[in-house]
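Report on one structure; see the data block that follows.
No hydrogens, no waters, no symmetry mates; every other heavy atom, side chains included, goes into these values. Quick note on labels: first sequence line is chain A, next is B, and so on, each numbered from 1. Model, not experiment: these values are computed from the prediction.
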Amino acid sequence: MPDLPLLTRRDVLRLGTAVVAGASLAACTSASNTSPSQSAPPTPGAPDDPDARLRGTVGSGEQVLSGLYQYVATLLPAKTAAKVTALGARHDAYQKAISPNAIASIPSPQPQPGKDPAVLIERLRTAETQAAAERAQQSLTAQDTELARLIVLAGAGAASAAEVLRTVTT
Amino acid sequence: MTEVESAAVVLDGTNAAIYAYGLVAARLTGTEQQRALSAMAEHRVRRDQLRTRIAALGATPAAAAPAYTPPVAVSDAVTARALAALVEDRLAGQWAGLAAASKDRARSDAALTAQTCAVRSVSWSGTAPLWNGAR
């Protein structure tokens, strides 16, 4: 199935810029707060955190998913939008747990009225299915076992969200 | 938690799930009963794999208890579905713990099994918990 033109090129560029800016700010903040002690364990997001890049990648992925949900919710009937919004809020929780120092500043793309709700739900379901597969792979590179567990749980959450979306009627 | 400790936790949860699906299947009919029995069969396969894995790690796998006390009383189809959803949700969390304690292929296998349990939980409850295994 071809990818739907849900986001405009401009929207994607704005999302990407915000993610990079957020990650950079998070890195600066972490660096200024990190103890110079050699014996202290790495702080999530700190320069000596071997999982820093992974946290950023997974956190950005969760932010993008959250933004996608916010965008789609604006185009759906109120009842369906409420269900979708509740599912999308889970990605904020995953992002905060996995990449706590990142700044959540993903702007929602501008609404584009006239989209078929069923197509929008299917777009979300596809995104969740892809995220579940990605999280299973990303967990393999985590050095910190708690981070690995959180990423696996985020993947399980994405898989279960895809299952819920399969039953959402518009 | 070490890999063998995590595997023991999942084995115990799997044994409990197999027992629970016996209660669940007895209260369901038709397609739903078949789904419950199919899930039970899948968990039995996982149980045998876990026992083999624990033995390979140098430990003795614990035997299943004669009976388990379900966290919710099963009296009809509604409570049967609730119990099935709960045991699958808890198992998803336990498999995530085993994934974290494992490496490489074993980690990805456990991660995918956690997803399977999470999806099965949703198929019984219709709702997705924020974090699997938190209940």
Side-chain angles (χ1 to χ4, degrees), chain A residues 51 54 58 62 65-66 69 82-98 121 124-125 127-169, chain B residues 1-7 9-10 13 17 31-32 35 39 42 46 81 84-135:
Chain A
D51 292 316
L54 176 63
V58 177
E62 294 297 335
L65 276 171
S66 179
Y69 268 93
K83 291 180 184 174
V84 163
T85 299
L87 277 177
R90 301 154 84 251
H91 292 292
D92 290 332
Y94 298 154
Q95 182 268 316
K96 286 172 184 165
I98 290 167
I121 295 295
L124 286 177
R125 186 164 178 255
E128 290 283 21
T129 301
Q130 289 175 345
E134 287 173 4
R135 300 296 173 266
Q137 280 300 307
Q138 289 164 331
S139 72
L140 288 175
T141 59
Q143 302 295 309
D144 177 35
T145 55
E146 177 58 13
L147 175 63
R149 193 181 73 87
L150 289 173
I151 294 174
V152 170
L153 285 174
S160 58
E163 178 67 13
V164 171
L165 288 166
R166 194 175 64 81
T167 63
V168 170
T169 55
Chain B
M1 197 178 284
T2 65
E3 181 178 354
V4 70
E5 288 170 341
S6 295
V9 168
V10 181
T31 305
E32 283 194 317
R35 280 177 51 208
E42 283 188 41
R46 295 286 181 193
R81 291 185 204 105
L86 184 58
V87 297
E88 294 287 0
D89 175 59
R90 286 182 175 175
L91 266 179
Q94 290 167 350
W95 277 103
L98 180 54
S102 307
K103 299 248 182 241
D104 304 326
R105 176 69 181 271
R107 178 176 285 183
S108 65
D109 284 349
L112 293 175
T113 305
Q115 291 188 13
T116 300
C117 293
V119 169
R120 202 180 283 128
S121 176
V122 165
S123 75
W124 289 117
S125 70
T127 59
L130 177 56
W131 294 104
N132 287 106
R135 288 185 289 172

Within the distance-only criterion (no hydrogens, no angle test), does the side chain of [X] pair as donor or acceptor with the backbone N or O of [Y] below 3.5 angstrom?
{"X": "B/R107", "Y": "A/S139", "result": "yes"}
{"X": "A/Y94", "Y": "B/W131", "result": "no"}
{"X": "B/Q115", "Y": "A/A132", "result": "yes"}
{"X": "A/R90", "Y": "B/P129", "result": "yes"}

Among B/D104, B/V119, B/T127, which residue forms the greatest number of heavy-atom pairs with chain A at distances under 4.5 Å?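 The candidate making the most pairs under 4.5 Å is B/V119.
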Between [X] and chain A, with a heavy-atom cut-off of 4.5 Å, which part of the residue counts as in contact: side chain, backbone, both or neither?
{"X": "B/N132", "value": "both"}
{"X": "B/S102", "value": "neither"}
{"X": "B/A99", "value": "side chain"}

Value rounded to 0.5 Å, distance of CZ in A/R135 from OG in B/S108: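 Separation between the atoms: 16.0 Å.
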Side chain, backbone, both or neither: which part of A/A162 has a heavy atom under 4.5 Å from chain B?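 It is neither, since no heavy atom gets under 4.5 Å.
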Checking heavy atoms, do the side chain of A/L147, its backbone, both or neither come under 4.5 Å from chain B?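 Neither part; nothing is under 4.5 Å.
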Can you see which heavy atom on B/G93 is nearest to which on A/L153, and at what distance?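 Reported closest heavy-atom pair: CA-CD2, 4.1 Å.
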So which of A/A133, A/A93, A/A89, A/A156 has the largest heavy-atom pair count under 4.5 angstrom toward chain B?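 Most heavy-atom pairs under 4.5 Å with chain B: A/A156.
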Given the options A/A159, A/A148, A/S160, which has more heavy-atom pairs under 4.5 Å with chain B than any of the others?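 So the answer, after comparing A/A159, A/A148, A/S160, is A/S160.
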